[in-house]
Amino acid sequence: MKTAACFVYFLFVTAMSYTQSEPNYDESKVPKFRVPDPLTTFAGEGIGSSAEWEEKRRPELYAFFEGQVYGKVPGTLEEFSFKLLEEDDNAFGGKAKRKQVAISLKKNNRSLSFNILLYLPKGSTDAPIFLGYNFHGNHTVTTDPKVFITQAWNRNSDDLGIRDNTATEASRGARKNRWAIEKMLDAGYGLATIYYGEVDPDKNDFSDGLHSLFYREGQQRPKPNEWGSIAAWAFGLSRAMDYLENDVNISKVIVFGHSRLGKAALWAGATDKRFSGVISNDSGCGGAALSKRKFGETVGQINRSFPHWFCDSFQQYNENEKTLPVDQHQLLALMAPRPLYVASALKDEWADPRGEFLSAHYASPVYALYGKEGIVAPQMPRIDQAIHKTLAYHIRTGEHDVTDYDWENYIAWAKAFVE
């Protein structure tokens with residue numbers, strides 16, 4: 001193995017059996033497994049340069065994730081357009097310009113629209129932007145009364161005042177704690193956010209949302225190797241990028257996601273190199289965490305609980321992770337050499353923080369091919385002690401969430417490595 005690949009790619013721990021229906025939170029019960037080398041092709045050929053990575057290894061890894069995990073997009077759009085719905089040059093107490101824009105997608109005489117909420121630092125002509133989905137509607141990320149309430153299907157939540165799958169005024173600002181918009185603006189960054197349910201409703205029903213635009217006559221669901229919801233959400237992020245390129249004079253776009261939307265952000269970063277940076281916040285199984293560890297949520301559990309997220313082909317690995325020829329560190333490597341930040345939370349064992357860290361560690365040799373620094377040491381950092389490199393990582397105090405600590409680190413890292 002060449003110098004750039006001089007990492008230990010075999011991770012061995014005590015092998016013990018455990019009940020598949022129960023999540024494992026015991027490191028001693030993590031099965032013995034081999035971490036696939038990102039710098040060795042499926043045919044056994046070593047990769048020793050960024051040119052070889054781009055020409056040989058990256059394409060075959062991408063093809064596997066596309067065809068066996070997230071699913072292929074079955075064609076191209078026939079029409080893409082956008083329309084300004086509302087704008088204000090004096091938002092956020094005079095700190096920001098606000099725009100609300102409808103994106104329209106058309107194919108096979110069917111159409112879908114979703115709204116982007118955009119805040120830009122006032123007076124800036126080329127501010128970098130964080131782009132990410134929200135879980136319940138653009139109106140939930142801020143108390144701004146001018147932000148439209150989504151009309152799309154919404155998962156019921158007593159805490160957020162969402163009943164009959166319909167958002168109301170009661171949920172305005174209910175998730176503002178996850179979006180440090182003022183900190184972004186003060187740092188010279190903008191925010192573009194979208195309610196993910198407007199792109200594809202998060203339910204095991206492929207009759208509506210983005211998938212239905214691409215169906216052939218009589219088709220009711222994607223084919224086994226075609227896209228699930230994560231790939232559809234990633235597709236929507238790229239269409240948002242199309243708008244940002246065409247209508248806003250931006251310098252950089254950093255795609256961000258939390259939890260299942262962190263999985264979507266990673267796949268968007270892998271599929272679309274226009275994104276200048278990628279942030280995965282608590283993305284867990286099928287995101288940043290190593291699948292072969294079987295710690296917390298497993299492939300079988302996620303496919304049974306959310307069968308619409310991945311392509312059907314991925315189900316062959318339910319309780320069968322050992323046969324996977326790849327693991328999620330190779331997904332992270334698809335971002336190279338662009339900056340990537342992986343973040344975990346101490347109490348979020350379901351998402352396997354150690355598995356997320358190890359994934360960043362094992363992806364780092366690919367970054368080294370480009371002369372970029374990642375997570376070299378195999379030991380996890382101390383809690384609330386972030387590692388800011390081109391491939392960055394932190395584990396913070398707390399649970400499965402997005403906090404000001406997270407955003408403070410993302411902003412500082414972006415200023416150092418993305419700009």
Holding to salt bridge (Lys or Arg N to Asp or Glu O under 4.0 Å), I want the full list of residues that pass it with [X], two or more places apart in sequence or in another chain.
{"X": "Arg396", "result": "Asp282, Asp406"}
{"X": "Glu245", "result": "Arg274"}
{"X": "Asp26", "result": "none"}
{"X": "Asp247", "result": "Lys99"}

By ring-ring contact (aromatic ring centres under 6.0 Å, His included) - contacts of [X] (at least two apart):
{"X": "Phe64", "value": "none"}
{"X": "Phe135", "value": "Tyr196"}
{"X": "His258", "value": "His400"}
{"X": "Phe65", "value": "none"}

Output every pair passing salt bridge (Lys or Arg N to Asp or Glu O under 4.0 Å) with a member in residues 62-72, not counting sequence neighbours, ordered by first then second residue.
->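 Sorted result for residues 62-72: empty, none.
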Which residue pairs pass the salt bridge (Lys or Arg N to Asp or Glu O under 4.0 Å) test with at least one member in residues 147-166, sequence neighbours excluded?
->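 Checked against salt bridge (Lys or Arg N to Asp or Glu O under 4.0 Å) - neighbours excluded - no pair reaches residues 147-166.
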Specify whether Tyr341 and Trp413 have parallel, tilted or perpendicular ring planes, treating 30° as the upper limit for parallel and 60° as the lower limit for perpendicular.
->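 Perpendicular, since the angle between the ring planes exceeds 60°.
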Per-pair distances, 0.1 Å, donor-acceptor, side chain in residues 79-86, under 3.5 Å, sequence neighbours excluded:
{"from": "Glu86", "atom 1": "OE1", "to": "Arg98", "atom 2": "NE", "distance (Å)": "3.1"}
{"from": "Glu86", "atom 1": "OE1", "to": "Gln100", "atom 2": "NE2", "distance (Å)": "3.0"}
{"from": "Glu86", "atom 1": "OE2", "to": "Arg98", "atom 2": "NE", "distance (Å)": "3.2"}
{"from": "Glu86", "atom 1": "OE2", "to": "Arg98", "atom 2": "NH2", "distance (Å)": "2.4"}

Who passes side chain to side chain contact (heavy atoms under 4.5 Å, CB included) against Ala232, sequence neighbours left out?
->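 If we apply the side chain to side chain contact (heavy atoms under 4.5 Å, CB included) test to Ala232, skipping adjacent residues, the hits are Asp200, Leu210, His211, Trp227.
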